[in-house]
Amino acid sequence: NYDEEDLPSQRFGLMLVLGLLAAGGLTSIVTTIGGGSETALAMPNIPRALLDTFSYTAVSLLPTRMPFLGGDAAVESNEDDSRPDFVYEHPYVSSSYYTSTKSISTLISIEEYQVTRNLQRMAAEEAGDSSQREMKTRLAIVRPFCEFDAEALPTTFACWNGLTPCKAAQDAIGDDYDEDDEFEVGPNGEFIAYKNTTERRNLYGELGDRHLFDFVGSDAMKSAKADVFLFYSQTFSENEVAIKAVDTIIDQFFEPGGWSQCFDNIYAIEANIPQELDLYIPSAQEELYNWVNGPNRQYEAAFRIIQSGEWGDYDGFYLMEGDSVPIKSHWLDVVLSEIEVNRPFAILGAQYDGDKWDNFYEQIPISLLHHTNGNAIYNTSHPLLERLVGQLEVEAPCPYNSIPYDYRMSQMWVEGTLGIVPELAPKIMLNEEGENITLSDNINMFKKWADIWEKDDPFKYTPVIHNYAATNLIPRHLGPEYIIHGAKLYSPWDPTRTDVTLVVSEWFFDRSIHLIQDLDQKDHPYSEVVVMIPPAAITHDDYDIMSEVPVRGQHRAAPDFMDLCEADIKTEWFMMTNSYHQVSRHVDLMFTPGKFQPVIPFTPATYPFCFKFPYCKETINLAQRFNPGHDKVVLDMDMLYHTESRNEFCKQWKEENGEEGEDLYKHHQRRLMFRKKIIGPPGPTGTSYFAWLVREGKDGMYKMTDRSLYGARPPFVKVFAKEEKLDGMSEDELAKRVGMTL
């Protein structure tokens with residue numbers, strides 16, 4: 001028997017047999033008979049019984065699927081003997097997963113629960129069986145993945161069991177709540193009105209748009225069909241990890257109950273992109289024209305595969321990446337209902353709804369502002385989408401391939417409707433000789449498309465899907481959406497677990513009053529406020545009438561830049577700001593679910609973000625005294641300081657730099673010879689605090705998140721920018737400034 005576990009020993013036995021035969025001196029002897037010649041084989045002098053044994057052993061050791069030199073003959077192995085026949089038939093034969101997976105049990109489940117059932121259904125339809133449901137919507141849910149996220153693919157389906165995709169499966173999963181008796185739905189599953197009582201109708205009015213889609217009827221699946229496609233960017237047969245990931249998901253699909261009750265079929269398909277071309281390198285988007293070649297080619301392949309009808313007849317597909325996460329039950333029902341309500345369309349999806357663009361919103365191109373994110377629903381029969389995808393395929397070898405497919409389709413549409421031709425990165429517009437590439441003029445073609453379809457509004461948006469594109473969120477930020485893309489959802493601050501003090505650095509005695517007086521109108525976590533005031537300033541004794549939050553003043557016994565270390569904190573955690581700021585309307589402290597680690601944003605210590613700014617560069621230099629190679633900049637006002645750790649950090653900081661930081665730059669005398677002063681922090685910083693935590697192995701108390709990728713909401717807003725600048729000037733600088741304005 002050809003057993004892979006015993007393969008090494010079997011190969012050894014086979015080699016032994018062949019070696020013995022060769023050693024026996026198999027030769028040809030030519031003898032002359034009757035004046036002629038005849039060739040005869042002379043066997044070595046080996047006993048016949050031993051030869052028979054060797055022959056039997058050799059044959060039994062040969063793999064039963066073994067190509068022989070010079071021929072195409074092949075015999076099915078034991079494994080392939082048990083592989084169902086459907087894997088060699090269309091459409092399954094077009095995907096190497098079915099002929100490559102070693103999980104024969106998975107294939108048997110597919111044959112029993114899917115292939116056979118589909119054949120029976122097709123036979124019933126051909127026979128005119130009226131019990132077969134009529135389909136209004138046939139949707140393919142395409143889950144794309146590449147070699148880098150293949151292993152984690154099964155984990156992206158975990159929430160599908162926790163949040164039932166459809167009401168038809170709620171009993172199987174355990175959600176026994178049924179709203180059918182409470183409201184009325186139209187033929188397309190849209191909400192019409194609450195039944196029976198005025199009270200219920202009033203309740204709908206109070207809920208408003210935020211909960212509009214919560215009223216989709218439980219019959220949404222009766223006239224719709226949805227299948228799941230696990231879509232690998234490369235070729236399954238070349239990646240065992242991808243195969244095993246799909247095995248796991250398909251096995252779960254055929255288990256009793258669960259999210260599979262909402263879908264008819266599950267398939268594994270592939271884009272067959274060569275590994276060397278399956279690229280996604282965001283850091284090279286200004287230099288490499290094919291930095292996003294992988295996602296671009298995979299999208300085109302998804303469109304063509306679904307459009308071909310080889311795997312079934314579909315109206316379109318929902319490209320649902322692994323980071324598109326359902327956050328409410330019955331999300332599939334709602335998606336199907338939205339398709340019915342918004343027909344006809346070419347693309348139905350969502351624009352960017354995060355907050356990373358807020359600071360430079362006016363500088364963003366129109367085509368980017370209004371583009372539909374790639375995680376959207378695509379109508380494969382719409383003639384405009386056919387042309388857009390065809391143009392993507394044509395542009396694959398040219399610089400336009402440096403634009404992600406979803407953004408590029410938006411550029412085409414904006415060029416046709418508004419005549420705005422996009423600009424590409426200068427380096428991408430150069431050929432191998434360093435000469436500028438001339439691109440074809442497509443504006444007339446795009447304008448023709450716009451003239452035909454603009455009035456039909458082919459790009460539509462649905463609030464059911466929200467695109468946050470790498471944004472950190474807490475539940476407060478969510479609205480009517482059922483599926484969020486590109487977001488990391490964290491837990492909000494829990495007042496029963498965490499007390500937080502706010503430290504306010506003050507340089508006068510009353511500038512911080514505006515912050516304190518407005519505190520009760522803000523959503524914040526602070527249980528106490530400590531105002532750090534100069535020694536000679538008068539402290540207020542009426543803080544209690546300004547805010548419900550307890551406020552106390554503390555006179556400084558050290559320079560103001562030592563406030564981080566000198567503030568007297570009674571709670572486990574604290575944050576810092578100064579009197580030039582106000583507390584934001586919402587202070588959205590975020591914590592990891594379960595471990596409840598504070599989520600702290602940092603900025604990478606790179607040239608674009610830090611090193612070209614002298615102050616930031618010096619901040620990193622000082623932090624690296626604690627942790628050589630430190631590469632994260634943490635703003636003082638972003639950090640949630642752990643009081644006990646702060647105390648230990650400040651003790652060591654003072655030991656190394658002096659009680660008031662007098663020794664901080666003592667080794668920089670040579671630098672001071674060439675410049676009047678060093679531009680850098682005069683005292684401890686949030687960056688140095690975190691560097692010390694890393695050195696001590698205590699940084700695990702935090703979850704750090706890259707501000708350049710996920711953004712961050714500031715906990716404080718500066719309201720006295722001009723005053724802060726003037727107060728920071730020396731007497732000479734202030735005199736010059738005043739003199740310039742007279």
Side-chain angles (χ1 to χ4, degrees), residues 285-308 315-317 319 342-352 361-374 376-461 467:
Q285 58 185 292
E286 299 289 328
E287 303 170 353
L288 192 64
Y289 90 96
N290 60 350
W291 69 271
V292 70
N293 190 69
N296 285 352
R297 302 289 81 74
Q298 190 172 13
Y299 168 75
E300 295 164 5
F303 182 88
R304 295 306 180 193
I305 290 173
I306 300 302
Q307 185 190 54
S308 71
D315 299 297
F317 66 97
L319 193 68
N342 285 282
R343 292 180 190 272
F345 61 84
I347 301 176
L348 176 64
Q351 298 175 343
Y352 177 64
Y361 190 85
E362 296 178 354
Q363 305 172 26
I364 300 174
I366 293 177
S367 54
L368 181 56
L369 281 177
H370 298 289
H371 94 283
T372 305
N373 179 262
I377 300 162
Y378 298 91
N379 180 359
T380 51
S381 63
H382 198 286
L384 173 61
L385 188 57
E386 167 67 32
R387 285 161 174 77
L388 293 172
V389 175
Q391 184 65 18
L392 289 176
E393 294 168 333
V394 169
E395 294 177 350
C398 83
Y400 279 127
N401 190 40
S402 64
I403 308 298
Y405 66 89
D406 51 349
Y407 182 20
R408 179 60 189 140
M409 288 192 290
S410 176
Q411 287 182 340
M412 296 178 197
W413 188 245
V414 168
E415 187 173 346
T417 55
L418 301 178
I420 301 175
V421 180
E423 296 182 2
L424 302 181
K427 289 186 178 179
I428 289 178
M429 291 299 296
L430 301 177
N431 60 22
E432 295 179 356
E433 287 74 32
E435 301 172 344
N436 283 321
I437 298 174
T438 301
L439 297 174
S440 59
D441 185 356
N442 296 314
I443 192 168
N444 289 330
M445 178 176 65
F446 296 156
K447 188 177 184 303
K448 182 178 179 181
W449 298 352
D451 291 341
I452 298 173
W453 289 290
E454 185 176 15
K455 62 181 182 297
D456 297 331
D457 192 17
F459 297 88
K460 294 184 179 179
Y461 306 104
N467 169 40

* Asked: Is the closest side-chain heavy-atom distance between Phe446 and Gln391 below 4.5 Å?
  -> yes
* Applying side chain to side chain contact (heavy atoms under 4.5 Å, CB included), run through Leu388 and Trp413 and close with a yes or a no. => CA-CA 9 Å; Leu388 293 172; Trp413 188 245; 5.7 Å; no
* Asked: Are Met412 and Leu392 side-chain neighbours, meaning at least one heavy-atom pair lies under 4.5 Å?
  -> yes
* **Note, Trp291 side chain near Glu286 side chain (heavy atom, < 4.5 Å)** => no
* To do: Kindly compute the distance separating CD (Gln411) from CD (Glu423), expressed to the nearest 0.5 Å.
  => 10.5 Å
* Please name the residue in the list Arg408, Glu395, Arg297 that meets the side chain to side chain donor-acceptor pair (under 3.5 Å) test with Asn401. => Arg297
* Structure fact -> For Val421 and Ile443, the nearest pair of non-hydrogen atoms, with its separation, is CG2-CD1, 4.4 Å
* Approximate separation, where rounding is to 0.5 Å, of Ile306 CD1 and Asp315 CG -> 11.5 Å
* Sidechain-backbone polar pair: Asn436 side chain, Thr438 backbone, donor-acceptor under 3.5 Å -> no
* Specify the closest pair of heavy atoms between Pro422 and Tyr400, including all atoms of both residues, with the distance to one decimal. => CG-CE2, 4.0 Å
* Structure fact -> In Tyr405, Phe317, Phe459, the residue satisfying ring-ring contact (aromatic ring centres under 6.0 Å, His included) with Tyr378 is Phe317
* **From Met429 atom CE to Lys427 atom NZ, the distance as rounded to the nearest 0.5 Å** => 15.0 Å
* Taking the side chain as every heavy atom from C-beta outward, state whether Asp456 and Pro344 have any atom pair closer than 4.5 Å. => no
* To do: Kindly give the heavy-atom pair with the smallest separation between Val292 and Pro295, and that separation in Å.
  => O-CD, 3.4 Å
* Inter-residue atom distance Asn444.CG - Trp449.CH2, 0.5 Å rounding -> 12.0 Å
* To do: Say whether, by atom type as modelled, one donor and one acceptor occur between the side chain of Lys460 and the main chain of Phe345 under 3.5 angstrom.
  => no
* Asked: What's the shortest heavy-atom distance between Met409 and Ile347, and which atoms?
  -> CE-CD1, 4.0 Å
* Structure fact -> Smallest heavy-atom separation, Gln307 atom then Thr380 atom, equals NE2-O, 3.3 Å
* Asked: Are Arg387 and Met445 close enough that some pair of their side-chain heavy atoms sits under 4.5 Å apart?
  -> no
* Asked: How about Glu433: does its CD atom have over 12 heavy atoms from other parts shown lying under 6.0 Å from it?
  -> yes
* Quick one: are Leu385 and Phe303 in side-chain contact, heavy atoms under 4.5 Å? -> yes
* Asked: CG/Asn296 to OG/Ser402 distance, rounded to the nearest 0.5 angstrom?
  -> 9.0 Å
* **Check: Asp406 and Tyr299 side chains under 4.5 Å, non-hydrogen atoms** => no
* Atom of Ala376, atom of Gly349 and distance for their closest heavy-atom approach -> CB-CA, 3.9 Å
* Asked: To the nearest 0.5 Å, how far apart are CG in Asn342 and CG in Asn379?
  -> 11.5 Å
* **Beyond-backbone contact of Leu424 with Ile403, side-chain heavy atoms, under 4.5 angstrom** => yes
